[in-house]
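Whatever order the structure lists them in is the order used to number ligands and atoms, beginning at 1. Position 1 is the first residue of the sequence; numbering continues from there.
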Amino acid sequence: MKKTKILVARAIFPEIIGRLEQYFDVEHNQADEPWSKQQLADKLRDKVGAFTTGAERIDADALAAAPQLKICANMAVGYNNFDVPAMTARQVLATNTPDVLTETTADFGFALLMATARRVAEGEHYLRAGKWKRWAYDMLAGSDIHGSTLGILGMGRIGQGIARRGAHGFGMNVIYHNRSRLTPEIEAQVKARYVSKEELLKTADHLVLVLPYSPASHHVIGAAELALMKPTANLVNIARGGIVDDAALALALRDKRIAAAGLDVFEGEPKVHPDLLTVPNVVLTPHIASATVPTRKAMANLAADNLIGFLVHGKALTPLNPEALN
Ligand code: GLV
């Protein structure tokens, strides 16, 4: 019997290709060649399923080129690379990889928060540049984490993981703002207090962004919001590029209108706004918040499980648009 054709758009753990090949005729990209939009569309033309990452845009054009496509399994919890309404209209199921990366990503939020507040990267550059000659009372003095106020914008699973770490691990006073308020039980568990966005901006010593990207969250942190923050505050973005206006942030950092920032995601990444590269008080990482080997394997396996679950057994594990099947 002929196997169903699927596409794996990016290089992935070889054992995942092996798992998928048990069920499917797999076209893969283990050479990790960058494909243009047109090349991706051409490769999707005869495929029934696709394994994608956040870098592949599945929109109306891609769908128009892929008449047989039934499912796209994203190896990411975020899915702003998918035009979900267009997928639903074409009855293409979209899946993502929630839960398996929550704790790893929350750990990394804390890594950036601490590196930023305690000026770890600046200190390392200072030392390597041979500038460390002797002790000085204010050398690379940063801000405290324990006992400070941790603000969280976006309070889904990862936001709650960060709140737990802050409250239980570091004795921080945790405040948050979100589209919807948590139940009193969850607020008590994570020890977080709901505040308005304005109070969050004005009060946080460390502000961590963990909300999904959508047109509604575009530049949620821009010049006006940065102006409300304390001059001693740190900003951490582990959510998505585009949530912060990177040009406005670079200016605020240069003028010390906020103390520092830690950024794992950027507008138009992998390009980084050139002004961010020239300010010292920012820690920059290349979108690696979920990058531990066990977590990346768990994400890849969940994306594969979604393809196998849906195309072989009729049920995906983590569908985003189950209404596509109606
Ligand atoms: C990473 O950014 C993800 O959405 O999983």
**Report entry** Ionic contact status for Lys37 with Asp61, cut-off 4.0 Å
**Finding:** yes
Query - Partners meeting side chain to side chain donor-acceptor pair (under 3.5 Å) with Gln68 (sequence neighbours left out) - result: none
**Report entry** Protein heavy atom at shortest distance from atom 5 (O) of ligand 1
**Finding:** Val77 N, 2.8 Å
Does [X] reach ligand 1 with a nitrogen or oxygen that is under 3.5 Å from one of the ligand's nitrogen or oxygen atoms?
X      : answer
Ala239 : no
Met299 : no
Arg240 : yes

Query raised in the report: Which atoms of ligand 1 are found less than 4.0 Å from any heavy atom of His287?
Result: 1 (C), 2 (O)
Query - Ligand-residue contact atoms, ligand 1 with Leu101, heavy atoms, under 4.0 Å - result: 5 (O)
**Report entry** Single hit among Asn306, Thr53, Asn81 for side chain to side chain donor-acceptor pair (under 3.5 Å) with Asn74
**Finding:** Asn81
Query raised in the report: Lys197 side chain to Val220 main-chain N or O, any donor-acceptor pair under 3.5 Å?
Result: yes
Report task. Measure the acute angle between the ring planes of Tyr194 and Tyr176, then classify it against the limits of 30° and 60° as parallel, tilted or perpendicular. Result -> perpendicular
